[in-house]
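The structure appears below as structure tokens.
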Amino acid sequence: MPAIARFDGITIAIFYNDHVPPHVHVRYVGCDMSINIVTRERIEGWLPPRVHRKARDWVAMNTNECLHHWYRIQRHEYMDDGYRRN
């Protein structure tokens, strides 16, 4: 599960072989939520409202980057440490 961003105690990551639609997993102090990259809707989970807004806003500002990472990770082009496979 490569982390693609970390800020304010929030980790945004994408799982290998994950289900569609393209989404990110957001973790914050024992809570987690999946957010659809395109629509920014909650798929499942829970975050404190302030953290949910921050994560949703980050995804909105970085949609293209998130989609880029989603497709590369689904093709296993990253290892768990974030480095590209040979």
Straight-line distance of Ile37 CD1 to Glu65 CD, nearest 0.5 Å: 10.0 Å

For the residue pair Pro22 and Ile14, establish whether any side-chain heavy-atom pair is separated by less than 4.5 Å. no

What heavy-atom pair brings Ile73 and Phe15 nearest, and what distance separates the two atoms? CG2-O, 3.9 Å

Strictly by salt bridge (Lys or Arg N to Asp or Glu O under 4.0 Å), give each pair with a member in residues 53-62 just once, sequence neighbours left out. Asp8-Lys54

Test applied, side-chain contact (heavy atoms from CB on, under 4.5 Å); reference residue, Tyr28; option that passes from Thr11, Val51, Ile12: Val51

Shared hydrophobic cluster, Val24 / Met61 (ILVMFWY, side-chain heavy atoms < 4.5 Å): no

Under 6.0 Å between ring centres: does that hold for His52 and Trp46? no

Give the cluster check for Val59 versus Tyr71: same hydrophobic cluster or not, with ILVMFWY residues linked at side-chain heavy-atom distances below 4.5 Å. yes

Extract all donor-acceptor atom pairs below 3.5 Å that involve side chains of residues 29-36 and protein atoms in other chains or at least two apart in sequence.
{"residue": "Ser34", "atom": "OG", "partner": "His25", "partner atom": "ND1", "Å": "3.3"}
{"residue": "Asn36", "atom": "OD1", "partner": "Val38", "partner atom": "N", "Å": "2.8"}
{"residue": "Asn36", "atom": "OD1", "partner": "Thr39", "partner atom": "N", "Å": "3.0"}
{"residue": "Asn36", "atom": "OD1", "partner": "Thr39", "partner atom": "OG1", "Å": "3.4"}

Tell me, which pairs form a salt bridge (Lys or Arg N to Asp or Glu O under 4.0 Å) where one or both residues lie in residues 33-45, sequence neighbours left out? none

How many angstroms lie between atom CH2 of Trp70 and atom CZ of Arg75, to the nearest 0.5 angstrom? 12.0 Å

Going only through I, L, V, M, F, W and Y residues with side-chain contacts under 4.5 Å, is there a path from Leu67 to Val26? yes

Linking I/L/V/M/F/W/Y whenever their side-chain heavy atoms sit closer than 4.5 Å, directly or via other members, would Val20 and Ile43 fall into one cluster? no

